[in-house]
Each structure stands twice: as structure tokens, then as C-alpha cells.
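Notes to accompany the following structure.
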Protein chains: 2
Amino acid sequence: MGSSAREEARIADALCKAVLERRLAPGSKLPEEELAQIFRSNRAKIRRVLLSLSRSHIVTLEPGRGAFVSRPSPQEARDVLASRRLIEVSLLAQPYRKLSAQGAARLRHIMAQEAEAHEKHDAIAMIYLSGQFHLTLIEELGNRVLKSITDELILRMSLIITMYERQNTTCCLSSDHHDLLELLLADNHTEASALMARHLEGIESCLDFNREPATTTILSQILKC
Amino acid sequence: MGSSAREEARIADALCKAVLERRLAPGSKLPEEELAQIFRSNRAKIRRVLLSLSRSHIVTLEPGRGAFVSRPSPQEARDVLASRRLIEVSLLAQPYRKLSAQGAARLRHIMAQEAEAHEKHDAIAMIYLSGQFHLTLIEELGNRVLKSITDELILRMSLIITMYERQNTTCCLSSDHHDLLELLLADNHTEASALMARHLEGIESCLDFNREPATTTILSQILKC
DNA sequence: TCAACCCGGATTGTTTACAATATGAATACC
DNA sequence: GGTATTCATATTGTAAACAATCCGGGTTGA
């Protein structure tokens with residue numbers, strides 16, 4: 001039965017979600033046995049999941065020591081940010097295809113959820129939805145390969161933001177998302193692209209690469225099936 | 001000891017090189033036991049390598065049936081091509097940093113090897129070196145993250161070209177590489193970007209997505225340590 | 001003749017036990 | 001008192017045996 005692949009995907013998704021929502025801090029140790037208990041699984045499957053996540057740069061495997069949530073270096077952080085900016089800005093400037101009515105509807109739906117999360121001061125949901133907005137945009141204007149690439153980049157950005165975020169700043173203005181959609185519907189690619197560039201630069205300006213905080217949280221009931 | 005990671009990297013590299021040089025055809029079965037013998041390894045390590053490669057879309061794992069060299073669908077092929085074009089064309093239009101003298105030297109060195117391979121009618125070397133030229137370009141003008149992304153895209157393109165290449169065509173003109181470097185040294189980003197677009201479109205025009213050939217080769221001494 | 005069925009061999013998937021390694025505390029030494 | 005060393009413990013890494021699954025050939029029966 002191919003249900004084992006399903007189970008591994010479930011575990012990987014749970015870990016990724018925890019990283020995305022910044023519950024799992026960079027540097028956290030991920031003991032195999034403990035994860036196996038948390039997810040009602042066994043070491044072998046956990047091991048495969050960790051190997052997969054290490055290929056996505058979310059987890060770092062240190063031989064003989066175990067798995068840890070990755071701690072991207074300042075250089076890696078800069079590279080990830082620049083890469084994401086290149087992809088998203090370029091795609092908006094010259095979309096692979098036009099935004100369909102259905103695509104616009106999907107984006108509006110996400111924006112509505114964003115507004116709701118904002119209302120409820122649900123920071124975790126806002127982070128998640130903001131990522132979903134960008135991913136949907138890429139899927140609609142681009143293709144699935146670009147989407148999966150950006151998917152990974154967004155995950156890595158979550159680690160980066162957790163590590164290097166300056167205090168007293170609020171990243172990723174959701175108001176930009178609204179303006180972005182308006183510009184796209186008006187076929188104003190030049191302005192949309194410029195706005196996306198400003199939007200992503202805004203996130204970068206909230207980062208401070210000088211300090212390297214040792215934010216190593218212990219995973220306990222952070223991870224719930 | 002961390003030598004096991006080394007060994008797995010060696011095996012993965014050998015498999016990737018075989019795919020890149022188009023010795024390993026899409027659809028080929030990759031039996032664990034056979035690979036373990038070829039690489040003087042054991043099933044467990046082969047298994048981990050295959051899992052890693054499946055994350056890179058080079059290998060497809062079919063539960064209960066085993067590992068196969070991936071057969072990208074026409075849709076996936078189009079998406080990979082479009083993604084690579086987006087990245088490389090955009091990067092040339094607005095390079096992340098200027099081409100250094102050292103970078104130019106590296107590119108010239110690869111071009112010299114390309115000319116040599118062309119002289120010797122070494123098609124395999126030419127394919128490999130062409131990829132290296134593009135990767136070096138991205139590393140010099142962009143960053144390592146973009147490089148590793150493109151690394152995977154080029155591998156996937158190898159599979160795509162093997163599957164869908166039209167007969168009687170010669171892909172990837174190495175003369176373009178020369179012109180590209182000249183334009184970059186002259187800081188003519190607009191023309192360089194345009195040339196790259198034509199260059200990649202040239203490769204795409206050699207493809208025919210209508211036919212789906214069942215090019216399943218048996219791996220025997222194709223893979224040599 | 002053809003289709004469905006069944007079974008033996010081969011390959012993959014999983015579990016288990018065991019070996020190797022790193023960690024941290026206690027101890028000995030300077 | 002501080003530093004180095006040693007040993008017990010916990011965790012990771014590996015190998016091998018076992019179970020499950022898939023594939024192809026052969027048989028049976030309409």
C-alpha cells in the first residue's frame with residue numbers, strides 16, 4: 001500500500017507548517033525517537049522525512065549528531081531573498097499567462113481570509129495566508145515548477161525572518177496585496193512589478209544581519225498531529 | 001564518521017551525470033540491488049540516494065514497484081523550460097552583480113573546453129560543458145541559491161530533451177556562448193538578455209511534444225564508478 | 001483462441017537488533 | 001579553582017532478517 005508515502009507527507013507538512021508559522025525556531029534539535037512518538041510513527045519514516053526536508057534546506061543533518069532546523073547564514077539569507085525577488089518581480093513584469101477570472105477569485109478569497117485574520121489579530125494565520133497569496137499568484141501567472149521553487153524559498157524565508165527580524169517591525173503589509181491585484185486586473189504589469197519589488201524590499205528592510213540570535217526552542221507540544 | 005554522506009553524494013553525482021549526459025534514458029528502472037553492486041554499496045544507501053533524487057524530480061518512486069528515471073510530461077517540460085528562461089533571461093537583464101574579471105576567465109576556460117570537445121566531436125562533453133557555462137554564468141551574475149535551482153532545472157531539461165528531441169537537430173549552439181560573453185563584457189545587458197532568450201528558445205524549438213517515445217534503456221555498464 | 005486465474009520467483013518495504021558515536025557529568029589531576 | 005580525562009547514557013547509524021508486494025509464466029476452463 002502507498003499509504004506510507006501519505007503518512008510521510010503528513011509528517012513533513014506538519015513540520016513545514018510549524019516552520020512556516022515560526023513555532024519551530026531555527027537551530028531546534030529534532031530527535032528521531034521523539035518525533036516518532038509525537039506523530040505516532042516509527043524512526044525509519046521520520047528518518048526519511050528528515051532526509052527529504054534536508055534536501056529542501058529546511059533541516060540540516062549533522063552526521064552523528066542528528067537533525068536540526070536549519071539556521072541560514074546571512075549570505076544564504078541574502079541569496080534566498082534575492083532569488084525570490086528575481087522570480088516574483090520578473091514574473092509580474094512579463095507574466096507567463098494572463099490572470100484569469102478564476103485566478104482573481106482565488107486571490108480575493110485569500111485576501112478575505114487575510115482580512116479576517118487581521119481582524120482577529122491572528123499573526124500565525126496572517127503569515128500563512130500571506131505566503132498562500134504569493135504562491136497562488138505564481139501558480140496563476142506562472143506555472144507549477146515556479147510555484148514549487150517559490151514554495152521552498154518562502155519556507156526558507158520563514159527561517160530567515162525568525163532569525164534576523166528586527167524588533168518592533170511588522171513585515172509583509174497585506175494592503176500591498178490588494179493594490180497588487182488591482183494593478184494586475186488593470187493589466188498594468190510595469191506598476192505591479194514595481195510594487196512587488198517594493199513589497200519584497202520592505203520585508204528585507206526589516207531584517208538585521210548583524211545579530212545572530214540563538215533562538216533554539218525545545219519542541220514539545222508545539223507539534224500536534 | 002561522515003564518509004557515508006560522501007559516498008552517497010558520489011553515487012548521486014554518478015547518477016546525475018549519467019542523466020545529464022543522456023546515457024540514462026527516462027523510464028529506465030533502477031533496481032536497488034543492482035545499483036548497490038555497481039557502486040559497491042548497500043541497499044540502504046542506494047535507497048537514501050534514490051529518495052533524494054526523487055525530491056529533485058530526477059527519479060520517480062513508484063510504491064511497491066521501485067525507482068525509475070523520471071519521464072517528465074509535456075506540461076512539466078513546458079513549465080521547466082519556461083522557468084529556466086524566466087530565471088536566466090531576467091538575471092542577464094538585471095544582474096545581481098557585475099561580471100568580474102575572474103568570472104570572465106572562468107567562462108572563457110569553459111568555452112575553450114567546449115571548443116576542444118567540438119573539435120573531437122565529443123557530444124557528451126559538449127552537453128556537460130554547455131550546462132557548466134550556464135551554471136557558472138548564474139553563479140557569477142547571481143548567487144548560489146539561483147545556481148542550485150538552475151542546476152536541478154538543467155538536469156530535468158536533460159530528461160526532457162532526451163524524450164522529446166526532434167530528429168536531425170543540433171541543440172544549444174555554442175557560438176551563442178561566445179557572443180553572450182562579449183555582450184556582458186560590453187555591459188550590454190539588454191542585448192545579452194535578448195540573446196539568452198533566443199538561445200533558450202532555440203533549444204525549445206528543437207522539441208516535439210507530440211510523440212512520447214518509450215526510450216527505456218537497460219542500465220548495465222552505463223554506470224561506472 | 002482467448003481470457004481469467006493462480007502461483008513461484010524476484011524485488012521492494014519494514015522491523016528488529018546491534019554497533020558506532022556524541023553528550024554530559026563525575027572524577028582525577030595540575 | 002580550573003582544566004583535562006573517563007565513563008555511563010542517550011541518540012544516531014547500519015546491517016540483516018523478515019514480510020509484503022509485484023511481475024510473468026503457466027494452467028484451466030469456457
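By convention in this document, chain letters (A, B, ...) are assigned in the order of the sequence lines, proteins followed by strands, and residues within each chain are numbered from 1. Values below: all heavy atoms of this structure, side chains included; hydrogens, waters and symmetry mates excluded.
A/Arg48 contributes no side-chain N or O that forms a donor-acceptor pair with the base of C/dG13 under 3.5 Å. Within 3.5 Å, no donor on the side chain of B/Arg65 pairs with an acceptor on the base of C/dG13, nor the reverse.
For B/Lys29 and D/dC22, the shortest distance from a side-chain N or O to OP1 or OP2 is not below 4.0 Å. Between B/Ser4 and D/dG13 there is no side-chain polar atom (N or O) within less than 4.0 angstrom of OP1 or OP2. The phosphate of C/dT14 has neither OP1 nor OP2 within less than 4.0 Å of any side-chain N or O from A/Asn42.
When each of A/Gly64 and B/Ala67 is assigned the nucleotide of DNA chain C bearing its nearest heavy atom, the one mapping closer to the 5' terminus is B/Ala67.
The separation between B/Glu62 atom CD and D/dC22 atom P is 11 Å, rounded to whole Å. Atom CD of A/Glu33 and atom C1' of C/dA17 are 14 Å apart (whole Å). As a whole-Å value, the separation of B/Glu32 CD from D/dA20 P is 18 Å. The CD-P distance, from B/Glu34 to C/dA10, rounds to 14 Å in whole Å.
Classification of the A/His199-A/His134 ring pair by plane angle, with boundaries at 30° and 60°, yields parallel. A/Phe133 and A/His177 have parallel rings, their planes meeting at less than 30° on a 0 to 90° scale where 60° marks the start of perpendicular.
Checking D/dT14, C/dT14, D/dT12 against every side-chain atom of A/Pro31, the shortest atom distance belongs to D/dT12.
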